[in-house]
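Taking it in order: structure first as structure tokens, then the write-up.
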Amino acid sequence: MTAKDGFIGKYTQRVEDFRLLTGTARFADDIHLDGMLHAVIFRSTIPHGKIKSIDTTEAKAMRGVHAVFTGEDVAKELNGKVPKMPLRLSPIPEHAPFEQTVIATDKVRYVGEPLAIVIADTTALAEDAAALIYADIEPLPVVPDWRVSARNEILLFESVGTNVPVTYTAQKGDARSVVGAYVRREKFSTQRHSAVTMETRGLVATWDEGSGRMTVFGAAKVPFSTRRTLAATLNLPVESIDMIEVDVGGGFGVRGEFYPEDFLVPFSSRRLGRPVKWVEDRLENLLGSNHSRQMECELEIVCERNGRILALRGEVRTDSGAYMRSSGAVPPRNVAQFMSGPYDIANIHIESTAYLTNKGPVGTYRGPGRFEADFFRERLIEIAASELGIDPVEFRRMNLVRSEQMPYSLATLDKPHKPEELDSGDYQITLDRCLKEFGWSEKRSLQGRLIDGKYNGIAVGCFIEGGGGGIKENARIEIEEDGQITVYVGSTSLGQGLLTILTQIAADSLEVPMERIRIRHGSTTYMKEGFGSFHSRSTALGGSAVLTTAATLKDKIREAAATRFKCAASDVQIAPGLTASFGAEILTASDLGKMKVQAEGQFSSHHHTYAYGAAAAHVTVDPGTGKVELIDYFGVEDIGRIINPLTAKGQSIGGVVQGLGGVFLEDLAYDENGQFLAGTFADYLMPTASDFPQIRAIELENSPSPHNPLGAKGCGEGGIVPVGGVVANAVAGALSSLQIQPDVLPLSPSRIWEMIRARSME
Amino acid sequence: MNVTFALNGDNVEVDVPARTTLSDCLRHHLMKTGTHVACEHGVCGACTVIVDGDAVRSCLMLAVQADGSEVTTVEGLTPDQGLSALQASFHKHHALQCGFCTPGFLTTAHALLTDEPDASKERIREVLSGNLCRCTGYINIIDAVYDARSAYARPADGGTGVQS
């Protein structure tokens, strides 16, 4: 491919693959530094209790052990204060009293909460030593769920006097006073599950006493934010910390937020003056990396007889776990703001409350609050359509936001006050395309039919996906002396194909082959400021930053060449390959590199992008076992301008299958005593290659976003958003003769079977 | 304990504590970090290596058990220049995103296609269902392995197939 053809929009194989395929990539645990020690975290096995004492004597005395630090040691080092981890996203004063300290001091509030860090010559020795620590913890009564939490009888934070950090209200019109011909209220719930990346979290911290510098390898997602928090908690100047991003084995919202270990590992390195490595094991990953998705909802829809929705109102309760962590505010806020999804609803009133419980703290997981909202809303719409005797497709169609209504106002959130608008799109087109590709009209006759002992069901649902959050991103482009071009960005790579996308954009805008572009991303050493990768922002904002900076670089080339050529900058021609000329005078890219031509740039936008689409599913249900088989799934999403159709589809299919895990398999289960029941991959089931073989998707680019020069919309989360609603509605369709309403996730065989059995016993 | 085995065709000798797993031995003693560890309880398949022709979870095997064996890791599947046919097929089909699980898929698929070069999609799906991937949704991985079968085809004389 040449620059002349253009790279944006072309099916382009990834530039990051070679290292990953050959075993030459470098992930956090692949780092070996001279003199490096190994850390293991000693964690609470008690879900709620008062710490009486922690005896580390035996552990410290073990050969090969260099140190054991507890909350007391941290306090001693930091003027008596154990630092807290602040909220990164949507912080409001209400959250502050519920933030987690970097290590437990007076109380433990969930199984897995760090009580001590052990540093030894090897991980095995550190684990041996951790087994010798004795924590005397006086157990307290446990808050196992939001209902007990709401009573405020057992308090996680006694001094605060409540377990309820915040109630958000999303409002539009006057939903509470709306009356209509049809009113229906229903309860729904989604279970606790999360990203569970294949690579667990890991860090290597190294402190250089001489220069007073801290270097932390293993940064991800938001290294600049993590650096600020680390600096504040360690009482170090921000500039004295380098966060280095190495290869990252999956993010999905969970990896890269600030966790206790992000403090404890650098802290230990500074205390010992040696590099310290910590790699989370799978039990810790399931216990302690952010959980998500556990919500209960009572939702009410008010409609005309003809199916036109007049109002949507209700309450959502999030089981937020033990603390408000860096991204913990997002799921309860999002579920309220995005409850209406792609539908034109004039009156909305959703109250969404976060309740603390003695479980792992929650945070963002791909499509936070949106996956849940879609399940609640699409289930209720299906019920309403069915009870009103209206075709479920026509019900949705008549209520979709119309293209002429764009930009379209969603409900406004109160804390902080935040109006929000859908940016662009024709939602009918994606619905029609989905029905056509799925073969809706042919499959309709299957609805509810028992064929070969299995009930068949189909469903379709519509959704929106928010992207492009976080205001701004930076880039710097330098021409090297050999004519290669290095692009530095604040965006981070989590495995999503960032390098390929940014290489395409840079190569296109500079008119050079992709081979001449090198992307340097993530690490704080590359940029003065960066914002990272979350909220499906790296193409929309990071890509636009590269595009903007490339234009600036061309201006800089013209200026530099004009000085050399002694002509006006506007007379300088830039030819493909980045060669500047004026008449017969020529400066090659290599010449420009020797002249140190470079440019810095930034792109900012206060508006989010909204990709949108529809998804359809065909399932069969075996009434004898309760097993649901997914026969077919088709997703259509308009994601604005497509940079790379190959990776866009990868995001889509991958998101769908993750969502199916949440619908059928995944459950971060606890018992009523707050003990964790999902500590291995034998307990926490994720989709495998044989579970969902028939997933198809199409990405469209009919409606570019008006909010960035690329016209790109975030597309990393659209795959997962509609899965719960669509699949559960297909199951409802299959079991319609039994009038079974699958309103509780996951749709495990035992749950479906029990519902079928309960019906047959009636 | 002293352990000797053939690693990617070279004889290696390594002194490790008896409790060291093969995966830790490969990664932290022999510095072959292409093999990844993701669960340490034998479910996810990320650490799969080939021991005497069989796909094996190196997190469930002790290094001492590999004594005298032939061990192949993802580094050993990689030609001196470029990619093997299987690796190239993964690249072509976008069968990886974060790439952390990829070495385990490559070793598992290599062992499968070496034994069964005519494996059907169904069979590939069945065998690879022992490996977890969180990014791709698997569909492209199955396509990639299926598409790489010709590189493992046995010659007409019934001899061993030449691998990429």
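All heavy atoms count here, side chains included; hydrogens, waters and symmetry mates do not. If you're wondering where the values come from, they're calculated on a predicted model, not measured in any experiment.
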#### Entry: Spatial distance of atom NE2 (B:His41) from atom CZ (A:Arg282) [nearest 0.5 Å]
7.5 Å
### Task
Measure the shortest side-chain to side-chain distance between A:Glu199 and B:Cys98 over non-hydrogen atoms and say whether it is less than 4.5 angstrom.
no
### Query
Under a 4.5 Å heavy-atom cut-off, does chain A meet the side chain of B:Tyr138, its backbone, both or neither?
side chain
### Message
Just to be sure I understand the criterion: a residue of residues 42-72 of chain B counts if one of its heavy atoms is under 4.5 Å from a heavy atom of chain A. Which ones qualify?
### Response
B:Val43, B:Cys44
### Heavy-atom pair count under 4.5 Å with chain A, highest-scoring of B:Lys32, B:Glu126, B:His28
B:His28
## Note on the structure
Scanning both residues in full, the closest heavy-atom pair of B:Gln87 with A:Thr22 reads NE2-CA, 4.0 Å
#### Entry: Portion of B:Glu75 that has a non-hydrogen atom of chain A nearer than 4.5 angstrom
both
#### Entry: Partner chain B: residue of A:Pro693, A:Gly250, A:Gly497 with the largest heavy-atom pair count (under 4.5 Å)
A:Pro693
#### Entry: Salt bridge A:Glu666-B:Arg134, side-chain N to carboxylate O under 4.0 Å
yes
### Inter-residue atom distance B:Cys39.SG - A:Asn285.CG, 0.5 Å rounding
11.0 Å
### Message
Taking A:Asp29's backbone N and O only, do any of them form a donor-acceptor pair with B:Arg27's side chain (distance below 3.5 Å, no angle check)?
### Response
yes
### Message
Please classify the contact of B:Ile142 with chain A as side chain, backbone, both or neither, using a heavy-atom distance under 4.5 Å.
### Response
side chain
### Query
When heavy-atom pairs shorter than 4.5 Å are enumerated against chain A, which of B:His93, B:Lys121, B:Lys92 gives the highest number?
B:Lys92
### Task
Mind checking the CD-OG1 spacing from B:Glu40 to A:Thr680? Nearest 0.5 Å is all I need.
12.5 Å
### Query
Tell me, side chain or backbone of A:Phe27 under 4.5 Å from chain B's heavy atoms, or both, or neither?
side chain
### Message
Report which part of A:Ala195 has an atom under 4.5 Å of a heavy atom belonging to chain B: side chain, backbone, both, or neither.
### Response
backbone
### Query
B:Cys135 and A:Phe252: which non-hydrogen atoms are nearest, and at how many Å?
SG-CZ, 3.7 Å
### Query
What's the shortest heavy-atom distance between A:Ala689 and B:Arg125, and which atoms?
O-CG, 3.1 Å
### Task
Could you look at B:Thr102 and say if it's the side chain, the backbone, both or neither that has a heavy atom under 4.5 Å from chain A?
side chain
## Note on the structure
Note: vs chain A, highest number of non-hydrogen pairs under 4.5 angstrom among B:Asp24, B:Val74, B:Leu132 is B:Leu132
### Query
For chain B, which of A:Ala25, A:Ala124, A:Ala682 has the most heavy-atom pairs under 4.5 Å?
A:Ala124
### Task
Tell me, yes or no, whether the heavy-atom count around A:Asp34 atom CG, taken from other residues, nucleotides or ligands under 6.0 Å, exceeds 12.
no
### Task
Name the member of B:Cys133, B:Pro17, B:Gly137 that forms the most heavy-atom pairs with chain A at distances under 4.5 Å.
B:Gly137
### Query
Which bit of B:His91 comes within less than 4.5 Å of chain A, counting heavy atoms only: side chain, backbone, both or neither?
both
### Task
Name the option with the most non-hydrogen atom pairs under 4.5 Å to chain A; the candidates are B:Gly130, B:Ala88, B:Gly99, B:Pro103.
B:Gly99
### Summary
Minimal heavy-atom distance between B:Cys101 and A:Met198, with the atoms involved, is CB-CG, 4.4 Å
### Task
Check each atom of B:Ser129 against the heavy atoms of chain A and say whether the ones under 4.5 Å are side chain, backbone, both or neither.
both
### Task
Write out, in numerical order, the residues from residues 645-661 of chain A with a heavy atom short of 4.5 Å from a heavy atom in chain B.
A:Leu646, A:Thr647, A:Gly650, A:Gln651, A:Ile653, A:Gly654, A:Val657, A:Gln658
### Message
Is the shortest side-chain heavy-atom distance between B:Leu96 and A:Arg14 below 4.5 Å?
### Response
yes
